Engineer: 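Pasting a structure here, questions to come.
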Amino acid sequence: MEELTQLIEDCKLGKRNAQARLYQQYAPVLFGICLRYSRDQTEAEDTLHEGFITILNKIGQYAYKGSFEGWLKRIMINTSLEKFRNRYRLQIVEDISKYDIEPSENDVYSDLNTETLLKLVSELPPRYRMVFNMYAIDGYSHNEISEQLGIAIGTSKSNLARARKILQERIIEMGFLEKIYAKEQ
Amino acid sequence: MQKNNKIESIDQHFSSKLSNHKVVPPPEIWEGIVAEMDTRKRKKRAIWIIALSSAASLLLAFLAGWYFSENISETENQVAIEMFSNQDKGVNAQDENKIGIHKNDADANPPEMVSINELAPDVQQFDNLIKTSDSKNNKNQNHDIRIEASGSEIKAEKLGVLKPLKIFLSKTGNHSPQLIAMNTDEFSDYDRKIIEANLRNMPKEIPRENKGAWLVGLQASPAYRFEQGSTQTEKADIIYSVNQTGRAPKYITNMTGGVKFEYKTGKRFSIQSGVNYGEIAQSNGNVGVSFLGHNWLNDYINSDEFYYAGETEKNSVPVPNNAVVATNIGLANIEMPEGTQIELTNREPESNYASEIIQNTEFEQQAGYIEVPLIMTYTILQKRIGLYVLGGINTNFLTSNSVELVNNNEVVGSGKIEGLNPLTFSSSLGMGLNYSLGSHFNLSVEPTMKIMLNSLNSEAIYETRPYTVGIYTALLYRF
């Protein structure tokens, strides 16, 4: 803990060596976030670049309130959202009920690995990807999502439902295909 | 219920696998971040330089304004000398050899009576001034009084019936009073315009001091060196800490000096130049040395396996004749005679930062430079001791470069620092005091700070821009 505090203080002083160590320590988890919020690797790399510069510039404001990693993650999520806001401004309001998920007897996606799940998330339409990441993975409420993305709470809910629906369909589709492949072999 | 469970199951499934998912980003991202941070730092520095330059310009403008306004007020501090006949003014007989003096406003106050002899020391060359005035202003040629100045004496001789005669003199600084107008009548508007015109032209008529504009001499100063913080890049920082056990190098204070020229371009400004020799020298104790030559650096950066030391049991081993030490100003490549033995200790096989630390060893580095400055000075005070500010650019040519490994007072290896820039630039900022020693010699003392504008080393990982502070003392001959 003292070591982390020292590292943060060195970063506040702008010591390049400390900044490098901070990057080495936290870049993997932050890049994981960037990949979830981005449509592809290139966009994720851009976000990491931009977000980490923001972290280095704002680290002087970190007042040891709450987890440091949480603070870093929030900056990276905010950077992703900022990029999203700048790129996609179209708002869609939809009826949530049409995206109700039908119960499935088979847990077809339990065997899917992390890379596949990441790919499924990144392939979601941009807004759905944002909302799904924020709500399902990073624990934002619909209220917070609506503020962050500048959309109505209803829109956030419908986007989430739509995202889940797409993911479920894709997973079932993939499970189905896997079964076909298994039979063929 | 089942539907809700299903939804939660989807969310949880993704969350459990993705919330802390770690992916090592490609290495070039950090390089991009470093490059952008450096660019931002440079821009920030440029903004500071612009802001400081603007502030300096404003200060100079203020000083210039202050100086010129002071000059004008000095010029306006003319003395109205009213000469009149005792008949006209009814003055007492004992006042006959006195003249009336008005300061600033000739009409506002009654004239103060001052004897001509009292005034005389202040009115040298009065005779010449009258002649100058006569030749410029025909209107004043036929005045009713003849004034003769001889040495410190002024004689006023009545020529017939006198009308009031007003003579305006101007005292500018320490210069002799200057005649700016004289009249036998009350001043007309036309006369006042002449006076104003004369006032404007006054500074041009002040005779130049009979001193030369060139100065040449010798100067010297101790140069105290400091390192700027956070200028080293990531790799240099790591290498530096590994190889020098985290200790900062001990900077050696050198004398710097050479020939100095100065040319006075005007009353306030002058340009300085010359040729100086200076050194950047530093020493380290107990340095860590890698004996694997140049490949060591690349291996260190690119290989994860390299850090592990091979042997741990020996405290004294023969070493190869080529050693490399990474320092804050560059990579030092040292040649040692075959069979040289150096006492080694402190091997740390488990540590990623293992290196062989040499005991009782001093590592000395020296880089010599010829410096050609181009400095502008601005004089603030022109008293017996003058005060001025200075600023400018220095061009530094690398002339020597050496490193020595000294073990138990014996030089066991020597070589060079690699990658030192042959040409570097620094800025100078300081202030100076000068004192005239007789009519031709001048002593100046200039506390000055010099900041490197580019890195000492051309390799990006050894970026270092030290700054030095010195008290440059010069003895100059004026001609």
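Here is the naming used below: chain letters follow the sequence lines, and residue numbers restart at 1 for every chain. A quick note: this is a predicted structure, and the numbers were derived from the prediction, not measured.
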Engineer: Do you know which of B/Pro26, B/Pro25, B/Gly32, B/Ser15 has the most heavy-atom pairs with chain A at a distance under 4.5 angstrom?
Structural biologist: B/Pro25
Engineer: Decide, yes or no, whether a salt bridge links A/Glu123 with A/Arg39 under the criterion of side-chain N to carboxylate O below 4.0 Å.
Structural biologist: no
Engineer: Check whether the ring centres of A/Phe132 and B/Phe14 lie less than 6.0 Å apart, and answer yes or no.
Structural biologist: yes
Engineer: Which bit of A/Asn57 is near chain B, if near means a heavy-atom gap under 4.5 Å: side chain, backbone, both or neither?
Structural biologist: side chain
Engineer: Within the side chain of A/Arg129, is there an N or O that forms a donor-acceptor pair under 3.5 Å with the backbone of A/Leu124?
Structural biologist: yes
Engineer: Is it the case that the side chains of A/Gln19 and A/Arg16 hold a donor-acceptor pair, with the cut-off being a distance below 3.5 Å and no angle test?
Structural biologist: yes
Engineer: Could you have a look at A/Pro28, A/Ala163, A/Ala136 and say which one has the most heavy-atom pairs with chain B under 4.5 angstrom?
Structural biologist: A/Pro28
Engineer: Can you tell me which portion of A/Leu167 sits under 4.5 Å from chain B's heavy atoms? Options are side chain, backbone, both or neither.
Structural biologist: side chain
